Amino acid sequence: MAFDVEKSIAAWRRPYEVNSTFSGEDLEELENSLRDRIDDLIEEGKSTEDAFRIAVGRIGSISSAEDEYKKVYWGKVKRERRLNDELFLRISMVKNYVTIAFRNLRRHSGYTAISALGLAVGMAACLLIGLYVGDELSYDDFHTRAERIHVLGVDNNFFGRSRATSYPLASVLEESIPTVERAVRTIERENIMIRRPGYAVEARRKLLLADASLLQVFDFPLVQGHRDVALNGPGAAVITEAMALDFFGGADPIGNVLQVELRDSTHSLMVRGVVKDIPGNSTIQFDVLVPLSLLGGDLLDSEAWGRRMFSTYALLNQPLPPDTLAAQAEGAVEAIRGEASSQSQSFFSVPLPQLYLSDQYNTEGFRGQQRYLYIFGSVALFILLIAAINYVNLVTAQSQRRAKEVGVRKTMGGRRGQLAGQFLSESLLLVVAALVMALGLMVLALPVFNASFGTELRLFSGGHAVLIAGLTASLLVTGIIAGGYPAFVLSRFQPANVLRGTASAAAGRGGWLQRGLVVVQFALSAAIIVGTIVVHQQLGYMQEKNLGFDDEQVVVVGLSQSEVALNAVTVKDELLRHPAVEKVSMAGLMPGHGGMLLGMPPEEVSSEAISTQELFSWVPIHTDSAFVETLGLQLVAGRSFGSQAGSSAEVLINELASRELGWLPAEAIGKPFWLEQGGEGIVVGVVSNFHHASLREAIRPVVISISDQNNQEWIAAKLAADGIQEGMDHVRLVLGSLAPGAVLDYQFLDETFDAMYRSEERLSQIFTAFAGIAIFISCLGLLGLAAYAAQRRTKEIGVRKVMGASLANIISLLSKEFAALLAVALAIGMPIAYWAMQQWLEEFAFQTTMSGWTFLLTAFIVITIAGGSVSMLATRAAHTNPADALRNE
């Protein structure tokens, strides 16, 4: 029997004719489009029947034919020149969407408030972290040639890896490497006294000594003076705008003189330039910029390869991989100095944009550390994801109520696109409201955020305004996407199924998607809580661990050698005159204050070493005979230093040094040992291992020797327990009288180590806040879901109460589903958190262990808070009058 295309088209039309979704005119347009497509397919060689089936398949069913109709409809509008009228109509419809959306959100104000608050808190947290991460990644990006500027450093077997390079390196780079356009040396000096002669204006400021080419390599904008000559000549100076305001007020600083105290000399400098205040995201900071020649000839020796005290920057004429530049630098130096130059050292190179986040830039706390950007960025995304899940869950939870609305509106002729537009309007309104709330929360929280992160971020300054705008737009899109899923799911419901009551009210078959989102939400929350507990544990472990010496009541004073020249005997005698000062020692290094690392083959350190190590590395401490007693170091073999003449040849080592040289502590006594000041000493004692640095670092071999007591950087005074204040007053009085005008840095030794862990303390506070935010948002969502579950099961609860169900039965009925979801979330989130925190703990040489109670405590927190929220609503639902519930049904 031949295929009758007209009968088939008529049969195709029939369902559309009895459905009011399409008008008669619309259906004619759609049919004409169908016929045109059939004709095109027949011309391509298809049979009439196949062409009909393919064309109908392209249009789809009634519910999906709207997309096809749109193409036809807009073609008709253009042909009839009704485009302006149609656009006006669409704008009016959008206004109508917004009006109805506002009414719907207001009608269900409880769900609206929960959704908006959850989104707002999540967005605010994400915005703040995004602002922080953006600031960390922006360091040095204001230099137009930053990608072509590299920082050179030396990796030395003797002193370790450092950016400190020798003076002649820059000249060799410029002369021997064609790709190096310019090389710049700098050296920083903190707290330098600067005066304006003839005026009572003086202050301590940060001084940067540099080659004159610094202003040609780096883009520090000059507001006064000429870049090419501002730093030329030994008597020139360039100052910042803030410095100019402090010292000259509104007067023109150019041509005026400043006096700088440097290396026990006073230098008169003429201001030849003023630069804008150095941005906070610059690795090079200064208040006053002066020529390098101010240091004097003895430090600017072109043959002084062993004296490393300068930072060296190279401007390349083309981009070059860091390894390539380092290899070229090694080759150039070797060509001048011979093969001996590369036997114990190698060069490395760091591009300027990467310097701040590298291990070669020292910052306080966790700033300038790339791993923390990943940590904070991940947590911010987790919180935003939790907030988005919260929103999606709350919308889809109300799908049964909105499904009836969809069914009625579709029966009355509403198209799927119109319905989706209506739901998207509600989503857009709610997201915009949440975003406005988030910006308000961000303004309120920024001072606390800056204090916790050690930053000085401002919302609308410079590049931050652009960053905030970008983050805001991203969050707006994220929110709309989160609301888009429920919109298209709801608009897809079929009217007949909805009105029969057979449409699924939950997202996914059996509500699996909704349950899955709850699981993801609480799994992330549990992971953040585990992280918070572990950070607290590690902080407590570091604060309570025995450091191996007595850090109580020991005040340490740092001495600036450029300003203070004290006679050690005089200082000790004067300090010990007061009974509150029990012991005094002077040393070149104190625990908690860094120190260099030396390295030599073991057989060169001691002729009797029996170690198989190629290199023996140790931390040298030069001090006096009272060092051990002042710090309370514990001797495990031998004795401390003697007070008699000749004791300068005596050496103390720690247990680790003894072991690495192949000796038991008792065997080390009497062994010969190399002395830095020349000659050979003898090991007279072995002390217990002690922490000379943070617990992030492993204990290293330590060698303690006696050296010139008049050339030390630190004074340590052990104070009596019942006279700490009197002892401190005496220390200040003595040092103040012996070194007038000196900047003396006082700090108790235990406070020094506590300060080392300030970043962990702040990290602990930050994670606590993150965990609180995550669990707050999650519980908001759970509260909304539980309230909706109780509302949806009102009739069931009423029937059960009439049949004799107890309060506990009703609470169990409403809580057991959520309890199962929490259990699954904990089972997923805690292993992930264990892995992540184990990676973080690897940063510390001495670390706490994650015991079982960590995870039990996490489970208790999650179950108590989340379970309490659900139980509260379940209890309220259980107390409703069953008669009211059944009457309402």
Side-chain angles (χ1 to χ4, degrees), residues 149 151-154 163-176 180-197 202 204-220 222 224-240 243-244 247 253-275 278 282-315 333 336 560-563:
I149 300 174
V151 186
L152 276 296
V154 176
R163 275 197 300 142
T165 54
S166 52
Y167 178 81
L169 176 62
S171 301
V172 173
L173 295 177
E174 282 188 348
E175 295 167 3
S176 305
V180 176
E181 188 175 314
R182 286 178 183 261
V184 180
R185 291 160 290 217
T186 67
I187 185 169
E188 297 178 355
R189 288 289 182 263
E190 300 276 358
N191 294 318
I192 298 300
M193 179 59 73
I194 300 174
R195 297 183 178 88
R196 183 183 179 189
E202 65 178 30
R204 293 186 178 276
R205 290 290 188 266
K206 185 168 188 174
L207 194 73
L208 182 69
L209 299 103
D211 288 318
S213 57
L214 180 135
L215 293 175
Q216 283 81 54
V217 173
F218 297 95
D219 296 324
F220 295 112
L222 262 73
Q224 287 183 268
H226 299 283
R227 181 177 298 276
D228 294 337
V229 298
L231 208 58
N232 289 350
V238 176
I239 61 177
T240 62
M243 179 81 177
F247 277 71
I254 300 298
N256 280 288
V257 174
L258 291 175
Q259 288 182 343
V260 175
E261 292 185 7
L262 188 67
R263 301 191 70 206
D264 302 323
S265 299
T266 300
H267 303 268
S268 294
L269 305 174
M270 182 178 292
V271 178
R272 292 188 179 178
V274 179
V275 297
I278 310 302
S282 172
T283 54
I284 296 177
Q285 295 286 337
F286 61 85
D287 297 306
V288 183
L289 179 64
V290 299
L292 204 60
S293 56
L294 213 64
L295 285 175
D298 59 325
L299 297 179
L300 307 180
D301 185 353
S302 60
E303 299 298 324
W305 287 98
R307 182 182 291 159
R308 299 183 181 89
M309 54 188 297
F310 301 90
S311 294
T312 302
Y313 301 86
L315 172 64
V333 173
I336 293 174
S560 172
Q561 291 301 307
S562 62
E563 297 171 342

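All values reported here derive from a predicted model rather than from experimental measurement. Residue numbers start at 1 and run along the sequence shown.
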- salt bridge (Lys or Arg N to Asp or Glu O under 4.0 Å) contacts in which one or both residues fall within residues 206-216, not counting sequence neighbours: Arg185-Asp211, Glu188-Lys206, Glu190-Lys206

- Note on the structure: Closest heavy-atom pair, Ala236 versus Ala230, reported as atoms and distance to 0.1 Å, is CB-O, 3.5 Å

- Message: Using side-chain heavy atoms (C-beta onward) and a distance below 4.5 Å, is Val290 in contact with Leu269?
- Response: yes

- Message: Could you tell me if the side chain of Pro234 sits less than 4.5 Å from the side chain of Ser293, heavy atoms only?
- Response: yes

- Can you check whether Ile192 reaches Arg205 side chain to side chain, under 4.5 Å on heavy atoms? no

- Message: Go through it in stages, so that I can follow the logic: the residues are Ile239 and Asp287, the test is side-chain contact (heavy atoms from CB on, under 4.5 Å), and I'd like the CA-CA distance, side-chain angles, deciding distance and then a yes or no.
- Response: CA-CA 6 Å; Ile239 61 177; Asp287 297 306; over 6 Å; no

- Rounded distance (nearest 0.5 Å) linking atom CZ of Arg182 with atom CG of Leu173: 14.5 Å

- Item | CD-CG distance between Glu261 and Leu207, expressed to the nearest 0.5 angstrom | 12.0 Å

- Heavy-atom nearest pair, Ala183 first then Ser213, reads O-OG, 3.8 Å

- Message: Ignoring hydrogens, what is the shortest heavy-atom contact between Leu258 and Pro197? Give both atom names and the distance.
- Response: CA-CD, 4.2 Å

- Answer whether the closest heavy-atom distance between the side chains of Ser282 and Phe218 falls below 4.5 Å. no

- Just by modelled atom types, is the Val275 backbone N or O under 3.5 Å from a matching donor or acceptor in the Gln224 side chain? no

- Roughly how far, to the nearest 0.5 Å, is the OG1 atom of Thr240 from the CZ atom of Phe220? 11.5 Å

- Side chains of Met243 and Val288: does their closest heavy-atom pair fall under 4.5 Å? yes

- Item | Inter-residue atom distance Leu289.CG - Leu292.CG, 0.5 Å rounding | 10.0 Å

- Message: To check you understand the geometry: which heavy-atom pair defines the closest contact between Pro253 and Val274, and what is its length?
- Response: CG-CG2, 3.6 Å

- Looking only at atom types and distance, does a side-chain atom of Thr165 sit under 3.5 Å from a main-chain N or O of Phe310, one as donor and one as acceptor? yes

- Task: Please report the shortest heavy-atom distance between Asn232 and Arg272, naming the atom on each side.
- Result: O-NH1, 2.6 Å

- Message: Between Arg196 and Asn256, is there a side-chain heavy-atom distance shorter than 4.5 Å?
- Response: yes

- Item | Qualifying residues under side chain to side chain contact (heavy atoms under 4.5 Å, CB included), relative to Met309, sequence neighbours excluded | Ile187, Arg189, Leu299, Arg307

- Message: A side-chain contact here means heavy atoms from C-beta on lying under 4.5 Å apart; do Leu208 and Leu214 qualify?
- Response: yes

- Check Leu231 against Val238 and note the closest heavy-atom contact, atom names and distance. CD1-CG2, 4.1 Å

- Task: Report yes if some heavy atom in the side chain of Ile278 is under 4.5 Å from a heavy atom in the side chain of Ile284; otherwise report no.
- Result: no

- Message: Return the CD to CZ distance between Glu202 and Arg195, rounded to the nearest 0.5 Å.
- Response: 4.5 Å

- Output yes when a side-chain donor or acceptor of Arg227 lies under 3.5 Å from a complementary backbone atom of Leu215, and no otherwise. yes

